[in-house]
2 protein chains.
Amino acid sequence: MQQLANAAAKTNEEAALSDRVHAAVTELIKSQQLHGGDIIVESRLADILGVSRTPLREALQKLEGEGLVVKNGRSFVVRAVGLAEYLQSLKVREVLEGEAAALSAGRVPPAAIKRVRENIDALLAAPVYLPEAHWQSDDEVHSLVCDYAGNPVLAEMIRHLRMVTRLYETLNLADRLIPDATEHLEIIEALESGEAKLARQKAQAHMRSLYKASI
Amino acid sequence: MQQLANAAAKTNEEAALSDRVHAAVTELIKSQQLHGGDIIVESRLADILGVSRTPLREALQKLEGEGLVVKNGRSFVVRAVGLAEYLQSLKVREVLEGEAAALSAGRVPPAAIKRVRENIDALLAAPVYLPEAHWQSDDEVHSLVCDYAGNPVLAEMIRHLRMVTRLYETLNLADRLIPDATEHLEIIEALESGEAKLARQKAQAHMRSLYKASI
DNA sequence: CGCATACACTTTGCATGCGAACAAGGGCGG
DNA sequence: CCGCCCTTGTTCGCATGCAAAGTGTATGCG
């Protein structure tokens with residue numbers, strides 16, 4: 001349980017305690033130190049994070065609104081995403097990220113493209129596999145697709161869906177390194193070329209690839 | 001301010017106080033007794049609802065997670081949806097509801113279709129215009145599209161987007177009665193026929209119609 | 001020996017209280 | 001007369017305390 005305290009300490013800026021707790025718990029869930037289905041005992045988690053129950057409860061309520069935790073009877077449990085929901089989310093992402101890619105095609109600054117490409121190359125060249133680096137590269141690519149589509153609402157939806165898919169824990173990430181990198185590079189190339197139809201197609205193909213790998 | 005207390009009283013089942021408050025405030029926002037941009041004074045609203053600040057704050061945090069209120073500095077304000085965001089949401093809905101309609105085509109039980117059709121007819125035949133009835137019919141039609149698509153994640157996204165578009169207050173609903181009813185009937189007919197492409201097209205056309213009416 | 005009841009403990013729900021940040025208004029000095 | 005600072009009131013952030021609901025265990029009775 002000591003790692004939990006560390007994760008909390010990582011978020012020690014000058015801000016409202018309640019918000020820091022929210023960020024800390026979010027991180028605990030994303031990093032799967034709290035995994036799906038875990039029931040949350042308020043006083044225990046509050047102690048670990050070094051705060052009283054009030055700000056923790058507020059953070060949990062907010063997380064419930066965001067869909068990261070759910071109330072089961074009287075207590076909060078970390079949301080568990082099963083295969084069915086994961087696949088459904090991928091279907092929706094196929095539609096949305098396809099659209100976003102089409103909208104972004106030709107609008108991404110060359111500098112951003114260059115940076116993301118280099119990170120993918122570095123990831124492929126890395127001597128040992130680091131899940132964190134994989135996630136980060138993934139974030140970069142999909143952010144590229146979202147952020148230049150000129151539709152913040154669309155971007156926000158995609159971000160939320162990506163969060164959900166990330167909660168699906170069974171996925172074996174390491175196996176996805178090569179396919180992800182390959183498909184990401186294709187998406188980036190399409191974005192660069194400015195061909196909207198191609199970008200849409202590549203983004204959708206990426207989602208379908210993930211889908212097939214998970215059945 | 002007395003109406004506010006009434007809205008609260010409407011939600012007086014046997015449940016956790018915090019959840020009742022959440023439902024009450026949601027209703028206050030949807031019914032625009034609290035409108036976008038209003039700053040929320042915790043103690044005042046808590047008094048009106050007849051609870052202490054703690055459950056109210058928890059409800060507000062949850063609403064923040066859901067995106068119905070936002071924190072501005074130290075206090076909560078009701079989220080204001082502007083024209084830009086409204087139009088962006090419609091664009092996303094065009095994609096998602098199109099997809100949902102295509103998926104639902106031919107899968108909606110005849111009884112459900114019949115019920116919704118009758119309500120549209122009743123709405124058109126009503127001697128006076130009732131916004132509530134208009135909203136309810138709208139809900140029914142779009143729920144038809146969502147609920148039979150076999151993808152709860154997709155349905156949930158659409159529901160959330162519809163919430164956002166509903167917060168856009170400038171829209172003059174009465175002017176939309178005829179076009180909405182007409183387009184809704186076309187969507188329903190397409191769903192009934194089982195032609196996925198047609199259903200997608202009709203749903204998208206409905207969104208584009210809303211879009212054009214708002215520019 | 002099995003079952004039911006009561007008791008103790010854990011955990012949550014909510015209210016209240018206090019300290020601190022922020023806003024406003026008035027008084028004082030320039 | 002204008003501007004600055006200080007004072008006062010309001011509102012928020014958080015901790016704590018208490019009551020109620022739930023859970024598990026042990027004990028007594030059938």
Side-chain angles (χ1 to χ4, degrees), chain A residues 1 4-5 7-29 34-35 37-66 68-80, chain B residues 1 4-5 7-9 11-26 28-29 34-35 37-66 68-80:
Chain A
M1 277 292 171
L4 298 186
K10 212 173 62 176
T11 314
N12 260 346
E13 334 286 330
E14 190 59 51
L17 198 43
S18 162
D19 292 337
R20 271 183 288 167
V21 171
H22 174 265
V25 177
T26 301
E27 192 52 37
L28 288 177
I29 294 177
L34 289 171
H35 5 40
D38 281 3
I39 90 158
I40 295 179
V41 183
E42 295 176 1
S43 53
R44 185 167 283 279
L45 187 51
D47 275 355
I48 292 171
L49 298 177
V51 299
S52 92
R53 284 173 51 219
T54 307
L56 173 65
R57 294 196 88 210
E58 287 176 353
L60 288 175
Q61 295 278 1
K62 186 168 169 187
L63 287 169
E64 188 191 7
E66 294 168 353
L68 282 189
V69 305
V70 298
K71 265 230 268 282
N72 188 357
R74 238 159 59 117
S75 47
F76 287 104
V77 312
V78 180
R79 166 147 171 217
Chain B
M1 277 292 171
L4 297 185
T11 314
N12 260 346
E13 335 286 331
E14 190 58 52
L17 198 43
S18 161
D19 292 336
R20 270 182 288 168
V21 171
H22 174 265
V25 177
T26 301
L28 288 178
I29 294 176
L34 289 171
H35 5 40
D38 281 2
I39 88 159
I40 295 179
V41 183
E42 295 176 0
S43 53
R44 184 165 285 278
L45 187 51
D47 275 355
I48 292 171
L49 298 176
V51 299
S52 92
R53 284 173 51 219
T54 307
L56 173 64
R57 294 196 88 215
E58 288 177 353
L60 289 174
Q61 296 277 0
K62 186 168 170 187
L63 287 170
E64 187 190 7
E66 293 168 352
L68 281 189
V69 305
V70 297
K71 266 231 271 279
N72 187 355
R74 241 161 50 120
S75 49
F76 288 104
V77 313
V78 180
R79 168 148 170 215

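Throughout, a chain's letter reflects where its sequence line sits, starting with A, and its residues are numbered from 1.
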Review point. Out of D:dA15, C:dG13, C:dG17, which nucleotide sits closest to the side chain of A:Glu42?
Key: C:dG13
Revision key, fill the gap. Atom NE2 of A:His22 and atom P of D:dG13 are separated, to the nearest Å, by 15 Å
Practice item. Give B:Ile40 one of three labels, base, sugar-phosphate or nothing, depending on what nucleic acid heavy atoms sit under 4.0 Å from its own. Key: sugar-phosphate
Check your understanding: Over how many whole Å does the gap from A:Glu64 atom CD to C:dT12 atom P extend?
Key -> 14 Å
**Study point:** Separation between CD of A:Gln61 and CG of A:Leu56, rounded to the nearest 0.5 Å
**Key:** 10.5 Å
Review point. Any luck finding a side-chain donor-acceptor pair between B:His22 and B:Asp19 under 3.5 Å?
Key: no
Check your understanding: Under 4.0 Å between a side-chain N or O of A:Thr54 and OP1 or OP2 of D:dC14?
Key -> no
Practice item. Provide, to the nearest angstrom, the distance between the CG atom belonging to A:Leu56 and the P atom belonging to C:dT11. Key: 14 Å
Check your understanding: CZ of A:Phe76 versus P of C:dT11: gap in Å, rounded?
Key -> 16 Å
Practice item. Nearest whole angstrom, please: distance from the P of D:dG13 to the CZ of B:Arg57. Key: 4 Å
Review point. What integer distance in Å separates A:Leu17:CG from C:dA21:P?
Key: 14 Å
Point to revise | Upstream residue (5' side of DNA chain D) when B:Val41 and A:Gly50 are each assigned their closest nucleotide | key: B:Val41
Review point. In whole angstrom, what separates A:Arg44's CZ from C:dT10's P?
Key: 11 Å
Check your understanding: Any idea which of C:dA15, D:dA15, D:dA21 is nearest the A:Arg74 side chain?
Key -> D:dA21
Exercise for review: In whole angstrom, give the distance that lies between atom CZ of A:Arg53 and atom P of D:dC18.
Suggested key: 14 Å
Review point. Counting distance only, does the side-chain N/O of A:Asp47 pair as donor-acceptor with the main-chain N or O of A:Arg44 below 3.5 Å?
Key: no
**Study point:** NZ on B:Lys62 to CD on A:Glu64, rounded to 0.5 Å
**Key:** 3.5 Å
